[in-house]
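Here is the structure we will look at, set down as C-alpha cells.
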Amino acid sequence: MLLILSGLVLGIQSIYAATVKGKVLDAQSEPIPGVIVQIKGSTLSTITSLDGTYQILDVPQGEFELHLSCLGYEGHSKKLFVKETEEVFLLDFSLVESTTDLDGVVVVGQSVKSEIETQGFAVEVIETEKAALQSVQTNDLLNRTAGVRVRQNGGLGSRVEYNLNGMTGGSVRIFIDGLPISTYGPSFSLNSIPPALIEGIEIYKGVIPAHLADDALGGAINVILKKGMSNHLSASVSYGSFNTFQNSLNAVFRNEKSGFTTKVSGFYNYSDNDYEVWGKFVRNILPNGRYDYVRAKRFNDSYRSVGGKIDIGFSNVKWADQFFISYTGSDDYNEIQHGAYMSIPYKGRFSTSQSNVFGLNYSKEDLLTRGLNLNFNGSFSKRSQVVTDTVRWNYNWFGEMSLGKYGEPILRPQGAQQGAPTINHIDRNVSTFRATADYDITKNHKVILSQSYFNIDRNDQDMMRSALEREFVGTRDLQKYITSLGYEFNLIQSRLKGNIFGKYYVQDIDRMDPLLEEGERVEDRVSSKRNTIGYGMAYSFKLSKKLLILTSGEKAVRMPSEGEIFGSPGENIVENISIRPEISNNFNLGFKLGDFIVDKHEFSFSGTGFIRDTKDKITREINDRINDAVQTAPFVNLGKTKAIGFEGQVNYSFRNKLQASVNFSKFNSVFNTKYDPNGNVYKNYNQQIPNDPYFTVNSSLEYTVRDLFQKGSTLRLSHYFSFVESFYTTWLEIEDFRTPRQYVHDFGTTYILPNQRLAISADLRNIFDKQVYDNFAVQKPGRAFYLKINYTINKF
C-alpha cells in the first residue's frame with residue numbers, strides 16, 4: 001500500500017513538473033559548452049552541451065532562482081515561477097566574459113570534458129578552441145596526448161597509423177561524429193581536417209563504450225565536428241615551410257523562426273614536402289656497391305587535398321534536434337617517395353583519390369516519450385583511387401638516375417618503381433549506418449542499444465594489362481555487422497558510475513578472381529563468414545572530493561579491415577585473404593587526483609596502468625632486407641602478444657594565466673608465442689615488438705598576456721616538447737636498425753585582437769632541427785616555420 005501511495009504521489013508531481021531548456025551564448029553569439037545551470041536550493045542542475053544547449057527535467061511548481069556559472073564568465077541569475085498549467089520554459093542566456101582574475105572558484109557540476117572523463121573508461125578529451133588558431137594539424141594535437149603516438153610516413157599527407165598504449169594500426173579505429181572514417185576515403189582524413197572545423201576529440205584507450213559500435217580492439221578516436229547553430233563565418237589561411245598551404249572555411253546560417261539550417265565547411269592543403277633528410281638511413285648506393293651517406297631533399301613527395309561538406313536541414317525544431325542531408329566531397333594527389341624504408345627512393349610513383357559521400361543524420365531527445373533518445377547516421381559513398389607507377393629507372397637521393405659499374409642507367413628489376421608497371425584503378429562503393437537508441441529508465445539508470453552496418457564493394461582494374469586481361473575483372477566484397485547493448489548507472493549521489501556492455505560481431509568476405517584455363521573462363525573464389533562475441537565494463541568511484549578511481553576491461557574483437565584482407569596498392573600492402581581476426585583481453589586501472597588549490601596555484605594528477613593481452617595480433621609483416629627494390633608486404637597474424645604499461649599526467653595552472661602539463665607513457669610490448677597455420681605452438685618468444693616507440697614524454701607550457709598593445713587583446717605564448725626513446729625498426733636487434741633518441745621543441749604565439757574577430761599566429765616547429773623518425777625509421781620534417789591568419793564574422 002505504501003508503495004502504491006508513493007507511486008501516486010510521484011505521478012501527481014510528474015503531471016505538474018515542468019521542463020526548462022534553452023541555449024547559452026557568449027557576446028559573439030557563440031555557444032558556450034560546460035556552463036553549469038542550477039536551480040538554487042535544489043539538486044536540479046545540468047551542464048550545457050557542445051552546442052550550448054541545456055535541459056532540466058521534472059521542475060516542480062513554485063518560485064525558483066535559476067543560476068548560471070562558468071569559469072571565465074560572469075555569473076547570471078533569473079527568477080522562475082512554475083505554474084500547474086505550464087510545461088516547458090524556453091530560456092536563452094548570454095554570458096559576459098569575466099575580466100577579473102579569480103582567487104578561487106567553487107564549481108558544482110562538471111564540464112562536458114570532465115563528464116566524459118569520469119565515466120570509468122580510459123578516455124581523454126582534447127579541446128581544440130586554442131589550437132584552431134595555430135598552424136597545427138589534428139594529428140599534432142593527438143601526438144601531444146598521454147599514451148598516443150601518431151605514426152606518420154613522412155610529411156603532410158603521408159600514411160598515418162595511431163598507437164594507443166601499444167595497440168596500433170587497424171586496432172585503433174577513427175570516427176567522424178561516430179561514423180568510421182573509412183567511409184570518406186583517403187582524401188578525407190585527420191591529415192586534411194583542420195582543428196578549426198573540430199569541436200573536440202574523444203580518445204578511448206583499450207575499452208570502447210557501446211555507443212561506438214565497432215570492432216576497435218585497442219582504442220578509438222572519435223572526432224566531433226563543430227555543430228554550433230549560431231550564424232557565423234570563419235576562415236583561416238596558413239603558409240609555411242616546404243611551400244605548405246593550409247586553408248579552411250566554416251559557415252553556419254540558421255533561421256530562428258523555422259529552424260532551417262545550412263552548414264558549409266571546406267579545406268585546402270598543399271605541401272611540396274621537400275624537407276631535408278640525412279643520417280644512417282639516407283644513402284646512395286655507388287656503382288661499386290658502397291654506401292654514400294648523403295644529406296638531400298625529398299623530391300617526389302608533394303601532396304594536395306581539397307574537400308568540403310555541406311549540410312542542409314533543420315535544427316532545434318519540435319520534431320528533431322537535428323535533421324540534415326549532407327554531401328561531402330574530397331580529392332587528393334599524393335606522390336610516393338619510397339616504400340616501407342627510406343633505403344631506395346622512388347620517382348614518378350603517385351596516387352590520386354576522389355570521394356563523394358551522401359549522408360543523412362537525425363537525432364531527437366525525448367522521442368515519443370520522455371527519456372528515449374535516438375541518433376541515426378547513414379551514408380553512401382563512391383570512392384575511387386588510381387595508383388600510377390610506370391617509371392622504369394632506378395634513382396638516388398639527389399633525384400638522379402642511378403648508374404651501374406660501366407656508367408649505364410640501372411633499370412628496376414620488374415619494370416617500375418615498386419614492382420611491375422601499373423595504372424591501377426580501384427573503385428569502391430561503401431554503405432554504412434549507425435543507429436543508437438538510449439532510454440533513461442530512471443534518472444540514474446540507462447540502457448543503450450546500438451547497431452552498425454558496413455558494406456564495401458571493390459573493383460580493381462589495371463590499365464597496364466592487355467585488353468584481354470582487362471576483361472577478367474576481380475571483385476572484393478566485405479560486409480560487417482556489429483550490435484551492442486549497454487547499461488549505465490549512477491549511484492550513491494554520483495560517487496559510483498558504471499557501464500556494462502556486450503557486443504556481437506559478424507563479418508562476411510568474398511573475393512573473386514577470374515582465370516583463363518584451357519580457353520575457358522573460371523572463377524577463383526574465396527568466401528568466409530565469421531562471428532564472435534565481446535563484452536566489457538567500466539566503473540568509476542569517487543573515494544573523496546579529490547580522488548577518483550577508474551577501472552575498465554573488455555574482451556575486444558577486431559575483424560581485419562578491407563585493406564588488410566584485399567591489400568592496398570597505394571600503400572604498398574599485399575593481399576592476405578586468410579588473415580584471422582584478433583582478440584584481446586584489455587584492462588585499465590587508473591586514478592584522477594585533484595584539483596588542489598594553493599593560493600593562486602592549481603594542480604591535478606592522473607595515471608593509468610594497462611594490460612593488452614592479444615591473440616592473433618594483426619600487424620604489417622616486417623622485412624629485414626631493407627635494400628630490396630620491391631618493398632611491398634602483407635598484414636599478418638603474430639600469434640600471442642602482451643603489452644603492459646603505465647601512463648601519467650600532471651597539470652598545473654596559475655591565476656588562469658600560466659598553464660603547464662607533463663605526460664608520459666611507458667609500456668613493454670612483447671611477442672610471446674607464435675603459431676603455425678594450423679594453430680599449433682611451435683616457437684616461444686619473449687622479444688620486444690620492433691617498430692614500436694615504447695617510451696614517450698610530452699610537455700606543454702602556455703602563458704597568456706591580456707591587454708597587450710590594445711585593451712581587450714590576448715597574447716598566448718606556448719612551448720611544446722616531446723621525447724621518444726630509441727627503438728629497433730626490425731626483428732634484428734643491431735645498431736643499424738635502431739633509431740636515435742628524439743628530442744623535439746616547438747614554439748608558438750597567437751595574438752587575438754580586441755574585436756575577437758582577427759587572430760594571427762606564428763609557429764616554429766622542431767626549433768633545433770633534430771632528426772625525427774617514425775615508422776621503419778622514416779624521417780619526418782625538420783625545422784619549419786608557419787604563419788596563420790584567422791578571421792571570424794558573427795551575427796549575420
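None of the values given here were measured: they were computed from a predicted structure.
For S265, the side chain to side chain contact (heavy atoms under 4.5 Å, CB included) criterion is met by L197, N250, K309, not counting sequence neighbours. Residues that satisfy the ring-ring contact (aromatic ring centres under 6.0 Å, His included) test with H425, not counting sequence neighbours, are absent from this structure. For R738, there are no salt bridge (Lys or Arg N to Asp or Glu O under 4.0 Å) partners, not counting sequence neighbours.
No donor-acceptor pair under 3.5 Å is formed between the side chain of E124 and the backbone N or O of I203. Using a distance-only test at 3.5 Å, with no hydrogens or angles considered, no donor-acceptor pair links the side chain of N284 to the main chain of D292. Remark: side-chain polar atoms of D462 are paired, donor with acceptor, to backbone N or O of I423 under 3.5 angstrom. With hydrogens and angles disregarded, no donor-acceptor distance shorter than 3.5 Å links the side chain of W393 to the backbone of K347. The backbone N or O of F737 sits less than 3.5 Å from a side-chain atom of T729, completing a donor-acceptor pair. When atom types are taken as modelled, the side chain of D332 and the backbone of Y303 share no donor-acceptor pair closer than 3.5 angstrom.
The pair K666-E647 fails the salt-bridge criterion, with no side-chain N (NZ, NE, NH1 or NH2) lying under 4.0 Å from an Asp/Glu carboxylate O. Using a 4.0 Å cut-off between a side-chain N of Lys or Arg and a carboxylate O of Asp or Glu, D331 and R304 qualify as a salt bridge. Between R295 and D769, at least one side-chain nitrogen of the basic residue sits less than 4.0 Å from a carboxylate oxygen of the acidic one, meeting the salt-bridge criterion. A salt bridge is defined here as a Lys NZ or Arg NE, NH1 or NH2 lying under 4.0 Å from an Asp or Glu carboxylate O, and D460 with R458 meets this definition.
H745 and F721 have tilted rings, their planes meeting at an angle from 30° to 60° on a 0 to 90° scale. The aromatic rings of F350 and Y333 sit tilted, their planes meeting at an angle between 30° and 60°.
Side chain to side chain, S351 and N334 fail the donor-acceptor criterion of an N or O pair below 3.5 Å. D274 and N243 share no side-chain donor-acceptor pair at under 3.5 Å. For Q354 and N356, the side-chain atoms include no donor-acceptor pair closer than 3.5 Å. T696 and S665 share no side-chain donor-acceptor pair at under 3.5 Å. Side-chain polar atoms of S271 and T244 form a donor-acceptor pair below 3.5 angstrom. At a cut-off of 3.5 Å, with distance as the only test, a side-chain donor of S305 or N269 sits close to an acceptor on the other residue. Using modelled atom types and a 3.5 Å distance limit, the side chains of Y751 and S713 yield a donor-acceptor pair.
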Report the C-alpha separation of N698 and N663 in whole Å, then their side-chain angles, then the decisive distance to 0.1 Å, and conclude whether the side-chain hydrogen bond (donor to acceptor under 3.5 Å, both in side chains) test is met. CA-CA 5 Å; N698 300 287; N663 66 63; 3.2 Å; yes

For V705 and K657, what are the C-alpha separation, side-chain angles and deciding distance, and is it a side chain to side chain contact (heavy atoms under 4.5 Å, CB included)? CA-CA 7 Å; V705 181; K657 290 184 177 181; over 6 Å; no

What's the verdict on side chain to side chain contact (heavy atoms under 4.5 Å, CB included) for Q779 and R298, showing C-alpha distance, side-chain angles and the deciding distance? CA-CA 10 Å; Q779 190 171 339; R298 294 168 75 95; 5.6 Å; no

Would you check, one step at a time, whether the test ring pair (Phe, Tyr, Trp, His ring centres under 6.0 Å) holds for F281 with Y773? CA-CA 10 Å; F281 302 108; Y773 295 102; 5.4 Å; yes

Under the criterion side chain to side chain contact (heavy atoms under 4.5 Å, CB included), I'd like the reasoning laid out for N300 against Q417: C-alpha separation, chi angles, the key distance, then a yes or no. CA-CA 12 Å; N300 188 62; Q417 301 294 286; over 6 Å; no

Side chain to side chain contact (heavy atoms under 4.5 Å, CB included), that's the test. Do I126 and R144 meet it? Break it down for me. CA-CA 10 Å; I126 300 177; R144 296 166 182 170; over 6 Å; no

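Rounding to the nearest 0.5 Å gives a distance of 8.0 Å between OH of Y720 and CG of D763. To the nearest 0.5 Å, atoms NZ (K297) and OH (Y275) are separated by 13.0 Å. A distance of 14.0 Å separates CZ of F664 from CD of E725, quoted to the nearest 0.5 Å. Taking NE2 of H719 as the start and CD1 of I767 as the end, the distance is 5.5 Å to the nearest 0.5 Å. Separation of atoms CZ (R783) and OG (S241) is listed at 9.5 Å; rounding is to 0.5 Å. The CZ atom of R283 sits 13.5 Å away from atom CZ of R290, with the distance rounded to the nearest 0.5 Å.
Nearest heavy-atom pair across P634 and N576 is CB-CB, 4.3 Å. For the pair I565 and E575, the tightest heavy-atom approach, listed with the atom from each and the gap, is O-CG, 3.0 Å.
In this structure the side chain of N651 reaches within 4.5 angstrom of the side chain of S661, judged on heavy atoms. Using a 4.5 Å heavy-atom threshold, the side chains of L701 and L658 count as touching. Considering only heavy atoms from C-beta on, P421 stays 4.5 Å or farther from R412 through its side chain. At least one side-chain heavy atom of D692 sits less than 4.5 Å from a side-chain heavy atom of F667.
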